Amino acid sequence: MTAYAPARYADFHILHPLPASLLNRGEDDLPKTLNLGGVVRALVSSQSWKRAVRLRLEDVLDEHAARTRMLPLRVADALRAAGWPTDLAAFAGTQIVRSATTEGLKTEENQRGITSATLYLPRDVLDDLTDLCTEHRPHLEEALAKETAAQTAPAKGPRKKPKAEAVLPTPRVASVIRRRTATINLFGRMLAEVPDAHVDGAVQMAPAFTVHPSSPQPDYFTAVEDWAAPNEAGSAHLQTAFFTTGLLYRFATVNLTELTRNLNGDHDQALHLLGLFADAFIDVMPGAKKTSTAPHTYPHLVHYTIRDRRPVSYAAAFEQPVKHAPGGGYTAPAITALSQHAAGLNRLLGTRHLLGCGYATLHPGPVDHLGTAHAGLDDLIDALTNNAALPTGTLV
């Protein structure tokens, strides 16, 4: 397999129509918006879509991870469930974070000792850490007894809480925390406190936005009181919700060079994960308000490019908002805008660093400047991974 040098990116460009929906909202409980090109657009944050993609990949791979600050509490819960005394289980949980590094992970003592930083870990590390505590239970019991005795001894002057000593072997605790899943290798992990635990993410995902003006629209609704008193009519609940509609432009890119590095040079696994990511990014939607909006549409067009050197977003194609077609609808004008922007970029950049491109669409006719037309998404993903494996300088 040819190594990726100096860098290789798989870019995804999607036009996705949405009916009334509320996939993502802000702290004011209103749909998120973006002011772009002088007009308000509906927006779905990258974090919202990324989480939905991550959870799908974990299900497909049967390899689950957790973002959490609750690691010491969850370890203590697991040990109590195994029959440990409450005080010893809690002490063991604190020892996990104290023994993770020579100085220990920072914690929030006023919040029951949760970690200050959010950890991103394989879920099964909980079993490994509880097994480690069980192996070193005599040492934990001895350390807890010493700590308890020190706290209950008569004080000679102001009492200062001594710095806890690490009881568990730091190299083993750190090794467990450094473990990765496929999604950690894809999306990265920020964990500077543990040496070599930080992982640079291979996936970059942009916020999705409508290619045309789209403001939140009100939806006044009531919930009827089914057990109302006799001769009393009314509602149990009144509220105004908001939703948005529109055609979204969605963009993501996968740095194959970084992903391969995260996988210790396993190019085949990198290509496999690229295909799985492509399928999930195309297929998955955030689930907010799905029971009351059911916005289960599918992308109208999916376009990919494989590039060396750097990724290229086509978001600028929609800096000028798309106008609806004479008979209504934004899809056809958006496809034209995307096609024309791709053509302009190809003229400007040339194709020296373009290794492959293609598209699949519900559009009835061919679309210029987007590469090979694929009959369906399975064909597109196969072509994507094949082109991603080509030597630099080969154009398909």
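In what follows, every heavy atom counts, from backbone to side chain, and hydrogens, waters and symmetry copies are set aside. These numbers come from a predicted model, not from an experiment.
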Next item on the list: List, by chain and then residue number, the residues other than Leu22 in its hydrophobic cluster (Ile/Leu/Val/Met/Phe/Trp/Tyr, side-chain heavy atoms under 4.5 Å); write none if there are no others.
Entry: none

Margin query: By the definition side chain to side chain contact (heavy atoms under 4.5 Å, CB included), identify the one residue from Leu36, Leu248, Thr331, Val322 that meets it with Val211.
Written below: Val322

Cluster link [X] to [Y], ILVMFWY, side chain under 4.5 Å:
| X | Y | answer |
| --- | --- | --- |
| Val254 | Leu380 | yes |
| Tyr330 | Leu362 | no |
| Leu140 | Leu132 | yes |
| Ile282 | Phe277 | yes |
| Ile381 | Leu301 | no |

Determine yes or no for a side-chain-to-main-chain donor-acceptor pair under 3.5 angstrom, with [X] supplying the side chain and [Y] the backbone.
| X | Y | value |
| --- | --- | --- |
| Asn255 | Ala202 | no |
| Ser21 | Leu23 | no |
| Arg123 | Ala65 | yes |
| Asn386 | Asp382 | yes |
| Thr107 | Glu109 | no |
| Arg250 | Phe281 | yes |
| Thr351 | Leu354 | no |
| Ser48 | Ser45 | no |
| Gln217 | Thr244 | no |
| Thr68 | Met70 | yes |

Using a 6.0 Å cut-off, check whether atom [atom1] of [X] has over 12 heavy atoms from anything other than its own residue.
| X | atom1 | answer |
| --- | --- | --- |
| Arg51 | CZ | no |
| His324 | NE2 | no |
| Glu225 | CD | yes |
| Asp378 | CG | no |

Drop me the distance from [X]'s [atom1] to [Y]'s [atom2], to the nearest 0.5 angstrom.
| X | Y | atom1 | atom2 | answer |
| --- | --- | --- | --- | --- |
| His369 | Asn346 | NE2 | CG | 8.5 Å |
| Asp268 | His272 | CG | NE2 | 10.5 Å |
| Leu15 | Thr210 | CG | OG1 | 12.0 Å |
| Leu186 | Leu263 | CG | CG | 7.5 Å |

Note to self: With side-chain hydrogen bond (donor to acceptor under 3.5 Å, both in side chains) as the test, pick out the partner of Asp308 among Arg8, Arg352, His353.
What the structure shows: Arg8

Next item on the list: Please name the residue in the list Arg69, Glu108, Glu193 that meets the side-chain hydrogen bond (donor to acceptor under 3.5 Å, both in side chains) test with Ser116.
Entry: Glu108

Next item on the list: Can you run down the ring-ring contact (aromatic ring centres under 6.0 Å, His included) pairs that involve residues 91-140, sequence neighbours left out, and say none if there aren't any?
Entry: His136-His139

Check: When you measure from the centre of the six-membered ring of Tyr9, is the NZ or CZ of Arg310 under 6.0 Å away and within 45° of the axis?
Finding: no

Note to self: Here's one to test your reading of the geometry: is the NZ or CZ of Arg54 within 45 degrees of the ring axis of Trp49 and under 6.0 Å from its centre?
What the structure shows: no

For the residue pair [Y] / [X], report whether a side-chain donor-acceptor contact shorter than 3.5 Å exists.
| X | Y | value |
| --- | --- | --- |
| Glu258 | Thr260 | no |
| His237 | Gln239 | yes |
| Tyr314 | Asp11 | no |
| Thr181 | His64 | no |
| Asp368 | Ser339 | no |

Do the charged groups of [X] and [Y] touch, with an N to O distance under 4.0 Å?
| X | Y | result |
| --- | --- | --- |
| Arg80 | Asp77 | yes |
| Glu135 | Arg172 | yes |
| Asp200 | Arg189 | no |

Item checked: Test of ring centre spacing under 6.0 Å for Phe318 and Tyr249 -> yes

Margin query: Taking the six-membered ring for Trp, are Tyr359 and His13 closer than 6.0 Å centroid to centroid?
Written below: no

Do [X] and [Y] make a side-chain contact, defined as non-hydrogen atoms from C-beta onward lying under 4.5 Å apart?
| X | Y | result |
| --- | --- | --- |
| Thr240 | Pro218 | yes |
| Pro122 | Glu63 | no |
| Leu43 | Thr33 | no |

Note to self: The test is side-chain contact (heavy atoms from CB on, under 4.5 Å); show your working for Arg112 and Leu73 and say whether it passes.
What the structure shows: CA-CA 8 Å; Arg112 298 188 296 161; Leu73 306 184; 3.5 Å; yes

Check: How are the rings of His300 and His363 set relative to one another: parallel (under 30°), tilted (30 to 60°) or perpendicular (over 60°)?
Finding: perpendicular

